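To start, the structure itself, in C-alpha cells.
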Amino acid sequence: MRAAYDLAEHVKGKVSRSENYFEYLVLESIDYPTQSIETFWDLRYGKDVKKCCTSLTPCCDADWRDISNYLEDWMNDLPRGAILNVGQQWLDYWRDGGTDAAPLTQRIERLYEVIGPKGRDLLFTKIMPLLTSPVPDSTAATQQYNPGWIHLTELWDYLAPTNRKGGQ
C-alpha cells in the first residue's frame, strides 16, 4: 500500500493537473520495496537511470483501448530477446554514467538488422510513442536517450499478455 501511495505522490510532485502521467512498478514477490520508492529505484536501477525514466509519459492522443487491439500483433512481429537485450544494454549504459554509447549503439544496430525497415518503423512509430515522448529519430546513435527501452523491457509481458508465457 505504501508503494502505491509513494508512486502517486512522486507523480504529483512532477506534473501539473493538466498533464497526464503515471508511475508503475513491476514487482516480483522478492522485489517488494521495504524502503521509499526513491531509494528502491536508486538500488534497482542506479541514480542516472532513475533520472532518465521514472515516469511513463505516453505522448500520443490515441485511445489505449483501441491500441490494445493492435499492440499484441505488433509485439509478436518483434524479437523479444533482442528487444530485452537492448533494454539491458540501455540500463548498463546509464548505470555506467552514460559515457560509452558504443556497446548500446552496436546492440541497437544489430536489432535494426534483424527487424529490418518494417520492424523499425513499427517500433518507432507505433510502440515507442506509447511508452515515452519520441526521440527525434530512430538512428542507433540517438536511441541511448530513449527511455522507452526500459519501459518496453519492464512491461513486455504486461502490454499484450495474451500470447506471452505459453499462452497464459
Side-chain angles (χ1 to χ4, degrees), residues 3 7 22-33 37 40-60 62 64 67-168:
L7 288 169
F22 64 95
E23 293 281 6
Y24 69 91
L25 187 60
V26 176
L27 298 174
E28 300 297 331
S29 60
I30 60 170
D31 289 337
Y32 188 79
I37 290 297
F40 179 77
W41 281 326
D42 283 347
L43 294 171
R44 183 168 177 149
Y45 301 116
K47 291 183 186 296
D48 288 329
V49 173
K50 187 183 72 163
K51 282 188 286 189
C52 296
C53 67
T54 57
S55 286
L56 186 62
T57 315
C59 68
C60 61
W64 274 87
I67 291 166
S68 68
N69 294 328
Y70 306 104
L71 192 56
E72 183 174 356
D73 290 337
W74 294 340
M75 290 176 68
N76 284 334
D77 288 341
L78 296 172
R80 177 183 181 171
I83 297 283
L84 298 181
N85 286 337
V86 171
Q88 183 59 54
Q89 192 68 50
W90 189 91
L91 276 173
D92 293 344
Y93 168 77
W94 287 106
R95 280 186 186 134
D96 293 341
T99 55
D100 182 13
L104 175 59
T105 300
Q106 291 168 354
R107 184 71 53 114
I108 294 169
E109 286 173 351
R110 175 66 184 126
L111 173 67
Y112 290 169
E113 289 172 16
V114 170
I115 64 176
K118 182 180 173 190
R120 190 160 126 180
D121 183 59
L122 174 67
L123 185 62
F124 289 104
T125 63
K126 305 284 191 213
I127 297 173
M128 284 292 203
L130 296 175
L131 302 173
T132 188
S133 297
V135 172
D137 61 50
S138 62
T139 63
T142 62
Q143 290 308 308
Q144 70 265 24
Y145 302 111
N146 193 334
W149 294 116
I150 187 60
H151 297 310
L152 192 54
T153 300
E154 289 276 331
L155 297 172
W156 186 273
D157 288 325
Y158 306 98
L159 290 171
T162 357
N163 284 332
R164 306 288 182 254
K165 297 186 177 181
Q168 294 180 3

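Just the heavy atoms: all of them, side chains too, but no hydrogens, waters or symmetry mates, feed the values below. Since the model is a prediction, treat every value here as computed from it, not as a measurement.
In this structure, CG in Leu152 is found 6.5 Å from CD1 in Ile127, a value given to the nearest 0.5 Å. Distance check, rounded to the nearest 0.5 Å: CG of Asp77 to NZ of Lys118 gives 6.0 Å.
With a 4.5 Å cut-off on side-chain heavy atoms, Trp156 and Ile83 count as touching.
The minimum heavy-atom distance between Thr99 and Tyr93, with the atom names listed, is N-CE1, 4.0 Å.
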- For side chain to side chain contact (heavy atoms under 4.5 Å, CB included), just list the numbers for Leu104 and Gln88, CA-CA rounded to whole Å, side-chain angles, deciding distance to a tenth of an Å, and then say yes or no. CA-CA 9 Å; Leu104 175 59; Gln88 183 59 54; over 6 Å; no
- Message: Between Gln144 and Trp149, is the side chain to side chain contact (heavy atoms under 4.5 Å, CB included) condition met? List the steps.
- Response: CA-CA 9 Å; Gln144 70 265 24; Trp149 294 116; over 6 Å; no
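Side chains of Asn85 and Gln89: no donor on one and acceptor on the other come within 3.5 Å.
Between the side chain of Asp96 and the main chain of Gly98, no donor-acceptor pair closer than 3.5 Å is present. Of the possible polar contacts, one joining the Trp90 side chain to the Asn146 backbone as a donor-acceptor pair under 3.5 Å is found.
Shown here are the side chain to side chain contact (heavy atoms under 4.5 Å, CB included) partners of Thr125, two or more places apart in sequence or in another chain: Asp121.
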Less than 3.5 Å apart, which donor and acceptor atoms pair up between the side chains of residues 106-115 and the rest of the protein, not counting sequence neighbours?
{"residue": "Arg110", "atom": "NH1", "partner": "Glu113", "partner atom": "OE1", "Å": "3.4"}
{"residue": "Tyr112", "atom": "OH", "partner": "Ser138", "partner atom": "O", "Å": "2.4"}

